[in-house]
Amino acid sequence: MKIYNSLSRTIEDFKPIDENLVKMYTCGPTVYNYAHLGNLRMYIHEDILEKSLRYLGYNVKRVMNITDVGHLESDADDGEDKMLKGAKRENKTVWEIAQYYTDAFFADIDKLNIKMPDVVAKATDYIDDYIIFIKGLEEKGYTYVANGNVYFDITKAKNYTKLSGLDLDTLRVASREDVEYDIHKKNPQDFVLWFTKSKFENQAMKWDSPWGIGYPGWHIECSVISLKNLGEQMDIHCGGVDHIPVHHTNEIAQTESYTGKDWVKYWWHGEFLIDNDGKMSKSSGEFLTLSLLIKKGYNPLTYRYFVLNSHYRKQLSFSFDSIASAENAYNKLKSRIKNIKDNAQGNIGENTEAYKQYKSDFESCLEDDLNTANAITVLFDLLKTDKINNNEKLSLIEDFDKVLSLDLLKEEETKEVHEDLTAYIEEMIEKRQEAKKNKDFQLADQIRAKLLEEGIVLEDTRQGVNWKKIN
RNA sequence: GACAGCAUAGCCAAGAGGAAAGGCAAAAGUCUGCAAAACUUUUGUUCACUGGUUCAAACCCAGUUGCUAUCUCCA
């Protein structure tokens, strides 16, 4: 398998540290609001990465954190903690907010057929471990205390910019107007490991520590949770590209300073979903959620299909036109598969050349840095071919769907239709058939139109008349 | 200012040196009394622009333009 490594900026052969277990860490959601479609895009691609590895025969242990510690409001930096802001907005405690949005996150994940990570860790469950970690860094001389906060001194870290490739001397200080220069820092890039004092005084979650009552810094949780659950070294660390310059850079600095070892072998970064206004952001007021798509009548798996038609390292532009087109494509795909299912015949000859060829084509796409768009093309080629029979097709579709997870073989749940209605519909169909036999096409069309008005669609096939309820 | 990425048909989007994948939309055909569905076919003389390297460039190099993201507390 080949995979792009942000650390080397090249596509590399994937070789896990331990052949028997791939250790994978994925930055999880902040739970002060719903996940937006851009966040969910990342989780879909991470899911594909995990499932591809499993499909290709690896064992995987995947860890994800849930950030339920408060975060300061950033884009509109009015000094309120994000968690607290959410709580005020909805008249709940910060803890209730965290729980509510954690549940909402997992509901979204489930609708998108994203597998639950093997370990899901809440940031607030690891406070004691952060303290041990910070103490360790303190003993080794990587930290200093200023104005009540514990800072990490980046000049002590080995190769601080190895992931970002940034030249620190040329970086602009406080380039964003809403960020103030912190006069207590020795170096502009130093970051806080433990806060006891903040310019924001209304942090709602606080814990006792050797440095006073306060709360952990923003980069600690990923480092500590991964050390606890995956050990001192791991194979793949995932996240969004926006985390490269600060979050992941700082994670590396503190973790490698602590353990004295190289930490992550492959850094995997996903690109953004872009809408007309640019990057989707949680803090910029209105944003697109999965619930919104569902409310507009889209199948959540349409969104998964939409995402898989693009590559994880490329920006993807979102629009409702694209989603509508994806919904069309997805429905057509499913109905073609259903057709194959209804006409299934032939022995499953898993050893035929053609069968093996399709399977290996599909695998090659995944092995090629997770080229899901081409993997879907293999699926379409498969539907069209006459080289293999329908049962073999179904067997391959089932196999591909282990990774794609698009419910390709699952039949739509037929809407509950009352027995009386069923009887009525069948009677009407009978009448229409009768009319057709008598060449009274006007009456036949009238019956069809009337049923359509009542939400019943008729399809004439060679096997007879099919009907389904819509709306 | 710095750092990075992207630019392929009406739309979405693969391809990363040797004859432009796929999907949606549109059009035509087969089948149907007509529809629908399904199936078949058509739709870019060319990959933002300008130069260069090469027998050969959408793919490599340089420059230009446009877009996107990141730069001390925006997991």
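Quick caveat: nothing in here was measured; it's all calculated off a predicted structure. Below, chain A is the first sequence line, B the second, and so on; all start at residue 1.
Across A7(B) and U64(B), the matching C1' atoms stand 14 Å from one another, rounded to whole Å. Spacing between A36(B) and C31(B) at atom C1', rounded to whole Å, works out to 12 Å. Between A27(B) and U68(B), the distance separating the two C1' atoms is 36 Å to the nearest Å. Using P as the reference atom, A69(B) and A75(B) are 15 Å apart when rounded to the nearest Å. For C6(B) and A16(B), the C1' atoms lie 14 Å apart once the distance is rounded to whole Å. Atom P of A4(B) sits at a distance of 27 Å from the matching atom of G18(B), rounded to the whole Å. Going from the P atom of G52(B) to that of U70(B) covers 38 Å, rounded to whole Å. Going from the C1' atom of A19(B) to that of C59(B) covers 15 Å, rounded to whole Å.
Using a 4.0 Å heavy-atom cutoff across all strands shown, Y305(A) reaches sugar-phosphate atoms only and no base atom. G28(A) comes within 4.0 angstrom of sugar-phosphate atoms only, judged by non-hydrogen atoms across all strands, and of no base. Across all strands, V246(A) comes closer than 4.0 Å only to sugar-phosphate atoms, never to a base (heavy-atom distances). Across all strands shown, L316(A) has heavy atoms under 4.0 Å from sugar-phosphate atoms exclusively, and none from any base. Backbone-only engagement by H311(A) is indicated by non-hydrogen atom pairs under 4.0 Å involving sugar-phosphate atoms exclusively.
The 5' end of RNA chain B is approached more closely, in terms of each residue's nearest nucleotide, by I376(A) than by the other of L383(A) and I376(A). Residue whose closest nucleotide on RNA chain B sits further toward the 5' end, between S164(A) and N328(A): S164(A).
In this structure, of A21(B), G33(B), G23(B), it is A21(B) that holds the atom nearest to the side chain of T377(A). Among the nucleotides C73(B), G33(B), U70(B), the one closest to any side-chain atom of D242(A) is U70(B). The R9(A) side chain lies nearest to A4(B) when the options are A13(B), U40(B), A4(B). Relative to the side chain of K436(A), the nucleotides U8(B), G33(B), C71(B) differ in distance, and G33(B) lies closest. Side-chain proximity of F306(A) to the nucleotides C34(B), C12(B), A21(B) is greatest for C12(B). Distance from the side chain of F191(A) is smallest to C73(B) among C73(B), A75(B), A38(B). Side chain of K314(A), nearest nucleotide from A69(B), A7(B), A37(B): A7(B). You'll find that the side chain of F380(A) is closest to G23(B), out of A25(B), G33(B), G23(B). The side chain of K332(A) lies closest to A25(B) when the candidates are G33(B), U70(B), A25(B). Set against G22(B), A13(B), C73(B), the side chain of K384(A) has G22(B) as its closest nucleotide.
U70(B) is paired with A2(B) under the criterion used here, namely a Watson-Crick or G-U wobble arrangement in which both key atom distances are under 3.5 Å. For A38(B), the paired nucleotide is U30(B), the pair qualifying as Watson-Crick or G-U wobble because both relevant distances are below 3.5 Å. Judged by Watson-Crick or G-U wobble contacts below 3.5 Å, the nucleotide A13(B) has no partner. Both distances falling under 3.5 Å, in either a Watson-Crick or a G-U wobble arrangement, occur for no nucleotide opposite A21(B). Pair assignment for C49(B): G63(B), on the basis of Watson-Crick or G-U wobble contacts that are both within less than 3.5 Å.
Rounding to whole angstrom units, CG of residue L379(A) and P of A13(B) are separated by 20 Å. Residue Q433(A) contributes atom CD, which lies 11 Å from atom P of G33(B) at whole-angstrom precision. Distance, N39(A) CG to A69(B) C1': 15 Å, rounded to whole Å. As a whole-Å value, the separation of L443(A) CG from C34(B) P is 18 Å. The distance from atom CG of L370(A) to atom P of A14(B) is 13 Å, rounded to the nearest whole Å.
The aromatic rings of Y144(A) and Y151(A) sit parallel to each other, their planes meeting at less than 30°, with 60° as the upper class boundary. Taking the six-membered ring where tryptophan is involved, the planes of W268(A) and H45(A) are tilted, since the angle between them lies from 30° to 60°.
Considering only heavy atoms from C-beta on, H247(A) comes within 4.5 Å of C222(A) through its side chain.
The closest donor-acceptor contact from the side chain of S6(A) to the backbone of R9(A) lies at 3.5 Å or more, if one exists at all. Between the N149(A) side chain and the F195(A) main chain, no donor and acceptor come within less than 3.5 Å of each other.
One donor-acceptor pair, N or O on each side, does fall under 3.5 Å between the base of C34(B) and the side chain of R448(A). In the interface, the side chain of D445(A) is paired with the base of G33(B) through a donor and an acceptor atom under 3.5 Å apart.
When the side-chain nitrogen and oxygen atoms of S317(A) are compared with OP1 and OP2 of A13(B), one or more of them lie within a distance under 4.0 Å.
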